[in-house]
Amino acid sequence: MTTPMPIPFVRVRGDHRTVGRQIGEACEAEIVASVERDLGPRYSRESYRALAARYRTVTAQSYPWLIDELQGVAAGAGVDELDVFAASIEELWTEPTEAPPEGRGNPGPASPDRGKCSDLVATPPLTEDGATLVAHNNDLAAESEARLVALEWSVDDEPRMFTIGIGPWISVGWNAAGLSLTGNELTPNDERVGIPRLPQVRDILRQSSVDDAVKVALHPDRASSYCNLLAHRDGTVVCVEGSASDAELIRPEGGRLAHTNHYVAERMLGFEGDPRYARHSAVRYRRARTLLDDMAAGGEPVTTDALRAALGDHAGAPDSLCRHTEDGASSKTVFWCVADVSAGRVAYGRGNPCDSVDQEYAFQARPA
């Protein structure tokens, strides 16, 4: 294995349109590749754009500022604005799996390569000095690893943000108000035309408290939902395990919480759109819980180093926390991160946590 190069870091600043244009210019190649993706036999270009326009209409009613920002992205990258918005709609790429329960809408996605992630959280009494620690592995198709970018957003009317993702599309993020957002893609079987889950992430990271972030995650016009794992430097932690029409809030027990890519809350099990994949996700989930339990039983405070080691765990391969295609996995860990949310520090790196260059971002005061 060759240790991958660090993730490039880009700062953007200004109003929504200006910030969007800066991102479009900095990430032009990644954005062009996303909007020019092969639609295959599922869509004609016309039908794809027509469906995207329906999602955009709903989104514009609640998020005119986001439409403005994505228009800036399109201008900066030299592509069509509707195509940028279409590339923001993961729901367009759902594939039927199993028939949903009566009255539950359409089946959810069944992609082995997209959005498969693992989260581990440690809070008091397991940590020192009241620290809230969040660890995340992000698993995608191997080619996604080269497209990553870390962004510092200084938008006029928002807390400063730090995010990791591809172009303007955010996978994880934190803000200067103390909010942390990681989480996992789920496969809800009740998806509908509405505000796509990926643009919702952008709105969540504008918020200053977990309560406000939960309200965004539960927007009544949402098209579907991730499992949004929210934490704050005030010690609040909640996992919003959602679908398009329902959600359950999961909180740490005994100072620990884990989540992967399937529903675990009893009342949400009926929304599982991919039971076959859920069995694979459960391997990582059980292992994450076991590792946290072992840390709790060890008698020493849980640290960021311990969580980083857990992210590099290979037990249960190919369904391990640290995923490698050479182990037979169809996706791999393309980046990892461990955040001390209380202190406002994020360690992260490209590729597998077992072989990666460590990078760090800290929320500190910056000159105007």
### Message
Working note: Ile204 + Tyr226, criterion side-chain contact (heavy atoms from CB on, under 4.5 Å); need CA distance, chi angles, decisive distance, verdict.
### Response
CA-CA 12 Å; Ile204 288 173; Tyr226 295 117; over 6 Å; no
### Message
Using side-chain contact (heavy atoms from CB on, under 4.5 Å), reason through Arg37 and Leu39 one step at a time and then give a plain yes or no.
### Response
CA-CA 6 Å; Arg37 67 183 299 173; Leu39 301 181; 4.2 Å; yes
### Query
Checking salt bridge (Lys or Arg N to Asp or Glu O under 4.0 Å) for the pair Arg13/Asp156: CA distance, chi angles, key distance, verdict?
CA-CA 8 Å; Arg13 185 180 186 125; Asp156 290 350; over 6 Å; no
### Query
What's the verdict on salt bridge (Lys or Arg N to Asp or Glu O under 4.0 Å) for Arg160 and Glu152, showing C-alpha distance, side-chain angles and the deciding distance?
CA-CA 7 Å; Arg160 180 160 45 91; Glu152 181 189 80; 3.6 Å; yes
### Message
What verdict does the salt bridge (Lys or Arg N to Asp or Glu O under 4.0 Å) test give for Arg197 and Glu191, after you've listed the backbone C-alpha separation in whole Å, the side-chain angles of each residue and the deciding distance to 0.1 Å?
### Response
CA-CA 10 Å; Arg197 59 193 177 220; Glu191 290 183 357; 3.1 Å; yes
### Query
Should His259 and Cys239 be marked as a side-chain contact (heavy atoms from CB on, under 4.5 Å) after you check the CA-CA gap, both sets of side-chain angles, and the distance that decides it?
CA-CA 8 Å; His259 206 282; Cys239 184; 3.8 Å; yes
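Thr303 and Leu133 make their closest contact through C-CD1, 3.7 Å (heavy atoms, listed as atom of the first residue, atom of the second, distance). Contact between Arg267 and Ala247 at its shortest, heavy atoms only, is NH1-O, 2.6 Å. The minimum heavy-atom distance linking Thr2 with Asp355 is given by the pair C-OD2, 4.0 Å. Here the shortest heavy-atom pairing between Leu257 and Leu292 reads O-CD1, 3.4 Å. In terms of heavy atoms, Arg256 sits closest to Asp293 at NE-OD1, 2.7 Å. Taking each heavy atom of Asp80 and Leu82 in turn, the nearest pair found is OD2-N, 2.9 Å.
Under the rule for a salt bridge (charged side-chain N to carboxylate O under 4.0 Å, His left out), Asp294 has no partner lying at least two apart in sequence or in another chain. By the side-chain contact (heavy atoms from CB on, under 4.5 Å) test, Ala60 pairs with Ile67, sequence neighbours left out. Looking at residues two or more places apart in sequence or on another chain, you find a side chain to side chain donor-acceptor pair (under 3.5 Å) between Ser180 and Trp174. Residues that satisfy the salt bridge (charged side-chain N to carboxylate O under 4.0 Å, His left out) test with Glu241, not counting sequence neighbours, are absent from this structure. Under the side-chain contact (heavy atoms from CB on, under 4.5 Å) criterion, Asp358 pairs with Arg308, Trp336, not counting sequence neighbours. Shown here are the side-chain contact (heavy atoms from CB on, under 4.5 Å) partners of Glu25, two or more places apart in sequence or in another chain: Arg21. Among residues two or more places apart in sequence or in another chain, the salt bridge (charged side-chain N to carboxylate O under 4.0 Å, His left out) test is passed with Asp15 by none. Residues passing the side chain to side chain donor-acceptor pair (under 3.5 Å) test with Ser88 are Trp169, sequence neighbours excluded. Gln207 pairs by the side-chain contact (heavy atoms from CB on, under 4.5 Å) definition with Leu179, Asp203, Asp212, Ala213, Val216, not counting sequence neighbours. Scored by the salt bridge (charged side-chain N to carboxylate O under 4.0 Å, His left out) test, Arg17 finds Asp68 as partners (sequence neighbours excluded).
To the nearest 0.5 Å, atoms SG (Cys227) and CE (Met268) are separated by 9.5 Å.
Side-chain atoms of Thr260 and Asn184 form no donor-acceptor pair, as typed in the model, at a separation below 3.5 Å. Counting only N and O atoms by type, the side chains of Ser62 and His219 include a donor and acceptor under 3.5 Å apart. Of the N and O atoms on the side chains of Asp157 and His16, at least one donor lies less than 3.5 Å from an acceptor on the other residue. Asp340 and Thr304 share no side-chain donor-acceptor pair at under 3.5 Å. For Ser331 and Asp139, the side-chain atoms include no donor-acceptor pair closer than 3.5 Å. No hydrogens or angles considered: nothing links the side chains of Tyr55 and Glu91 as a donor-acceptor pair under 3.5 Å. Checked by atom type, the side-chain pair Asp211/Ser209 shows no donor-acceptor distance below 3.5 Å.
Using a 4.0 Å cut-off between charged side-chain N and carboxylate O, Asp327 and Lys332 make no salt bridge. Under the 4.0 Å criterion applied to side-chain N and carboxylate O atoms, Arg279 and Asp319 are not assigned as salt-bridge partners.
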Expected list for residues 295-302: side-chain donor-acceptor pairs under 3.5 angstrom, two or more places apart:
none

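The side-chain heavy atoms of Asn261 and Leu186, taken from C-beta on, include no pair separated by under 4.5 Å.
You'll find the ring centres of Tyr348 and Phe9 outside the 6.0 Å limit. The six-membered or imidazole ring of His262 lies away from that of Tyr277, with a centre-to-centre distance of 6.0 Å or more. Annotation: His324 is in aromatic contact with His314 [ring centroid separation under 6.0 Å].
Cluster membership for Leu151 and Leu66, using ILVMFWY side-chain heavy atoms within less than 4.5 angstrom, is shared. With hydrophobic clusters built from ILVMFWY side chains whose heavy atoms lie under 4.5 angstrom apart, Val240 shares a cluster with Ile170.
The closest donor-acceptor contact from the side chain of Thr333 to the backbone of Arg323 lies under 3.5 Å. At distances below 3.5 Å, not a single donor-acceptor pair connects side-chain atoms of Arg202 with backbone N or O atoms of Pro199. Within the 3.5 Å criterion, the main-chain N or O of Ala53 finds a donor-acceptor partner in the side chain of Thr57. Between the side chain of Gln359 and the backbone N or O of Ile7, at least one donor-acceptor pair lies under 3.5 Å. Looking only at distances, a side-chain donor or acceptor of Asn175 sits under 3.5 Å from a matching main-chain atom of Ala177. Judged by distance alone, the side chain of Glu248 and the main-chain N or O of Glu266 form no donor-acceptor pair under 3.5 Å. Judged by distance alone, the side chain of Arg233 and the main-chain N or O of Val341 form no donor-acceptor pair under 3.5 Å. Side chain of Arg222 to main chain of Leu218: a donor-acceptor pair is present (N/O by atom type, distance under 3.5 Å, no hydrogens or angles). No donor-acceptor pair under 3.5 Å is formed between the side chain of Asp190 and the backbone N or O of Ser224. Between the Asn137 side chain and the Leu321 main chain, a donor and an acceptor come within less than 3.5 Å of each other.
Relative orientation of the Tyr63 and Trp65 rings is tilted, given thresholds of 30° and 60° on the angle between their planes. Ring planes of Tyr361 and Phe162: parallel class, angle under 30° (limits at 30 and 60°).
Contacts classified as salt bridge (Lys or Arg N to Asp or Glu O under 4.0 Å) and involving residues 280-289 (residues at least two apart or in different chains) are given here: Arg287-Asp313.
The number of heavy-atom neighbours closer than 6.0 Å to CD of Glu253, taken from other residues, nucleotides and ligands shown, is 12 or below.
A cation-pi arrangement is not found for Arg350 relative to Phe335, the charged atom failing to lie both closer than 6.0 Å to the ring centre and inside a 45° cone about the ring normal.
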